[in-house]
Engineer: 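Just dropping this structure here.
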Amino acid sequence: MTSLAPLSRAACIGGGVIGGGWIARFLLAGIDVKVFDPHPEAQRIVGEVLANAERAYGLLTNAPLLPRGRLTFCASLREAVTDAEWIQESVPERLDLKRRVLGEIDAAAPADALIGSSTSGLLPSDLQAELTHPERLFVAHPYNPVYLLPLVEIVGGTATAPATIERAKAVLDAIGMKGVVIAREIEAFVGDRLLEALWREALWLIKDDICDVETLDDVIRYSFGLRWAQMGLFQTYRIAGGEAGMRHFLAQFGPCLKWPWTKLTDVVDLDDALVEKIGAQSDAQAAGLSIRELERIRDENLVGIVQALKAGRGGEGWGAGKLLADFEQRLLAQASPPETPDLSAPLALVETRVSPAWIDYNGHMTEHRYLQVFGDTTDALLRLIGVDLAYVEAGHSYYTVETHIRHLDEAKLGEELRSTCQIVAADEKRIHVFHRLFAGAPAREVATAEQMLLHVDTKAGRAAPAPGTVLARLRPIVDAHARLDVPPEAGRSIGRKREPVIA
Ligand SMILES: NC(=O)C1=CN([C@@H]2O[C@H](COP(=O)(O)OP(=O)(O)OC[C@H]3O[C@@H](n4cnc5c(N)ncnc54)[C@H](O)[C@@H]3O)[C@@H](O)[C@H]2O)C=CC1
Ligand SMILES: C[N+](C)(C)CC(=O)CC(=O)[O-]
């Protein structure tokens, strides 16, 4: 199996902002994707989105991603969908166009293919009304950028089969997304209901000169925008009710709902003057940054936020960070170690990149991230000798009991990192390893780490000899590495004698 999902072939009809994001999401989950989009520059546009997505994934996770799926651009919609298991429609938001395109998909797709529409607000019952097989059509409403934001609202119409909804959710969950099933169809579903309300208010505030677009964005991103990435509206307001919680919050702020605090039902007239006013303020706010540059900044920030959430709740992970942690566990579980690693040199074990969250106030990779990459290197060695998650769950593991890191050069944001591991010595209980970390191309050695690992019976809480199965996989590596020179730096300490340096 080359994909994590219960499918290996998808088709994307429309490859713009959202179609491009879906294409990247599927490809990076190991799914082959066929694309149909008549836009003359569709290949360039999709290529640029994909490049951004690959860069973002390089920063997001160290987990061993599946080999990227195959991308094929097709000359016709029929060619794209003919053998697809999931077809995602992402053409412009017009009911007539979507109905026509979905009709063509319906006629050419395999009878059991899932057909998702990216529509932001059209009713699935309206989209499926003229289809021959309406039972397989559902709304799969994603959020931009689709390759980083995990949520998909799954909405069925009157003719959608319950099994379609179940299959769609299973596929999305398997590729690291969060499929949320909306109980009843309604225009704009849940997310865009909320966003449209905010958007209406925002347009009034600009039109009425209450603030400009930059001030409005600052109000969001320095306050409740930060809150919403980690807790939604209701959990946030529960806390805002103090110790008495939600009931007190409702009692205190409920009456305000009747005060003139919103203009929600009035629709602002987007006349030329308002469009130009917003356009000019938005241009000034962008300060010359292109859309692609802004996308990269956005992606780095999102990666940092998701990684922070992964460390949330004392390391268990929280919200979107917990989802990422669970996805990484599945990637690790399916990653098979190389059957015959090259034993004639130190083992090449980890490839990753310097992530935005790893940069410190000196503008380079901060010290504890070196330990993280070296720890990942040790974990990769352990998986190689059969010490995987199942082994740990069964009650044994290796613990690191000593580490010595030497920092030799700086690693900068986005640089490729590659680590190697040499076993210096090993016995039934201990493994003495020497790791090297290289950055960039051509590679520079940026750090070394020497570690002592101790095999433990985790239930008894004490050191114990490793079993024969582990030692049998360890021994050939130890024997081969015994023929390599012992790293000259091994066994070094900081070594400086105590002497007065400050007068
Ligand atoms: N842009 C956003 O923030 C979000 C958009 N959506 C939804 O995604 C859908 C697509 O929107 P965007 O990607 O933003 O639009 P877009 O304008 O960026 O892309 C639409 C693409 O569809 C292509 N297209 C037009 N007619 C076609 C046809 N007959 N067959 C195949 N391709 C065709 C166009 O060439 C274009 O590349 C809409 O339903 C929209 O509501 C959903 C979530 C967020
Ligand atoms: C503006 N929009 C209605 C197309 C937005 C969405 O549908 C979701 C998003 O990504 O904000």
Side-chain angles (χ1 to χ4, degrees), residues 10-25 33-50 52-53 72-81 84 87-109 115-124 126-127 137-155 172 177-180 182 186-200 202-203 217 220 225 228-229 270 278 282 291-292 294-295 298-299 302 320:
C12 287
I13 306 305
V17 173
I18 289 306
W22 275 111
I23 293 166
R25 180 61 91 159
V33 182
K34 290 187 177 166
V35 179
F36 172 67
D37 188 322
H39 192 290
E41 293 197 66
Q43 296 206 23
R44 176 187 62 76
I45 294 167
V46 168
E48 287 181 16
V49 174
L50 192 51
N52 270 359
T72 311
F73 286 90
C74 298
S76 69
L77 180 149
R78 168 171 290 278
E79 187 191 337
V81 306
I87 297 146
Q88 186 67 26
E89 168 276 306
S90 309
V91 303
E93 190 77 344
R94 280 182 15 228
L95 183 59
D96 61 328
L97 174 64
K98 286 199 186 274
R99 274 188 163 167
R100 180 169 62 72
V101 167
L102 288 167
E104 288 174 32
I105 294 172
D106 187 42
I115 305 175
S117 170
S118 297
T119 178
S120 296
L122 299 171
L123 293 176
D126 288 342
L127 295 175
L137 184 281
F138 56 98
V139 165
H141 177 237
Y143 286 75
N144 189 37
V146 183
Y147 53 81
L148 275 182
L149 297 190
L151 189 84
V152 178
E153 288 168 287
I154 304 174
V155 195
L172 294 168
M177 300 187 86
K178 185 169 176 68
V180 167
I182 305 302
I186 179 176
E187 289 88 350
F189 327 125
V190 175
D192 277 337
R193 283 259 148 175
L194 298 169
L195 287 175
E196 286 289 305
L198 192 66
W199 182 227
R200 280 187 190 211
L203 293 175
D217 279 357
I220 294 175
W228 283 352
L270 273 177
I278 293 173
S282 175
I291 295 293
R292 293 281 175 252
L294 286 169
E295 281 175 348
R298 174 202 63 191
D299 288 358
L302 288 173

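As the structure lists them, so they are numbered: ligands from 1, and atoms in each ligand from 1.
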Engineer: Does ligand 2 have an atom that lies less than 4.0 angstrom from a heavy atom of His141?
Structural biologist: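 The answer is yes: ligand 2 sits under 4.0 Å from a heavy atom of His141.
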
Engineer: Considering both backbone and side-chain atoms of Lys98, is one of its nitrogen or oxygen atoms within less than 3.5 Å of a nitrogen or oxygen in ligand 1?
Structural biologist: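 Yes, since at least one N or O of Lys98 sits under 3.5 Å from an N or O of ligand 1.
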
Engineer: Please verify whether a non-hydrogen atom of Glu89 lies at under 4.0 Å from ligand 1.
Structural biologist: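 Per 4.0 Å heavy-atom rule, Glu89 does not contact ligand 1.
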
Engineer: Answer yes or no: does an N/O atom from Ile18 fall short of 3.5 Å to an N/O atom of ligand 1?
Structural biologist: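 N/O-N/O distance below 3.5 Å exists for this pair.
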
Engineer: Any N or O on Ser120 sitting closer than 3.5 Å to an N or O of ligand 1?
Structural biologist: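 Yes, at least one N or O pair falls under 3.5 Å.
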
Engineer: In terms of residue, atom name and distance, what is the protein heavy atom nearest to atom 11 (O) of ligand 2?
Structural biologist: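 Nearest neighbour among protein heavy atoms for atom 11 (O) of ligand 2, to 0.1 Å: Leu195 CD1, 3.6 Å.
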
Engineer: By number and element, which atoms of ligand 2 are closer than 4.0 Å to a non-hydrogen atom of Asp192?
Structural biologist: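 Answer for ligand 2: 3 (C), 5 (C), 6 (C), 7 (O), 8 (C).
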
Engineer: Considering heavy atoms of the protein only, find what lies nearest to atom 10 (O) of ligand 2 and give residue, atom and distance to 0.1 Å.
Structural biologist: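 Answer, as residue, atom name and distance: Asn144 N, 3.0 Å.
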
Engineer: Considering only protein heavy atoms, which is closest to atom 21 (C) of ligand 1, and at what distance to one decimal place?
Structural biologist: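 Among all protein heavy atoms, the one nearest atom 21 (C) of ligand 1 is Asp37 OD2, 3.7 Å.
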
Engineer: Could any protein non-hydrogen atom be found less than 4.0 Å from atom 5 (C) of ligand 2?
Structural biologist: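 Under the 4.0 Å cut-off, atom 5 (C) of ligand 2 does have protein heavy-atom neighbours.
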
Engineer: For ligand 1, find out whether one of its N or O atoms is nearer than 3.5 Å to an N or O atom of Glu93.
Structural biologist: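 Checking ligand 1 against Glu93, an N or O pair does fall under 3.5 Å apart.
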
Engineer: Of the backbone atoms (N, CA, C, O) and the side-chain heavy atoms from C-beta on, which set of Leu149 has a member under 4.0 Å from an atom of ligand 2: side chain, backbone, both, or neither?
Structural biologist: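 Looking at Leu149 and ligand 2, no heavy atom falls under 4.0 Å.
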
Engineer: Kindly confirm or rule out an N or O of Val17 lying under 3.5 angstrom from an N or O of ligand 1.
Structural biologist: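 Such a contact does occur with ligand 1.
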
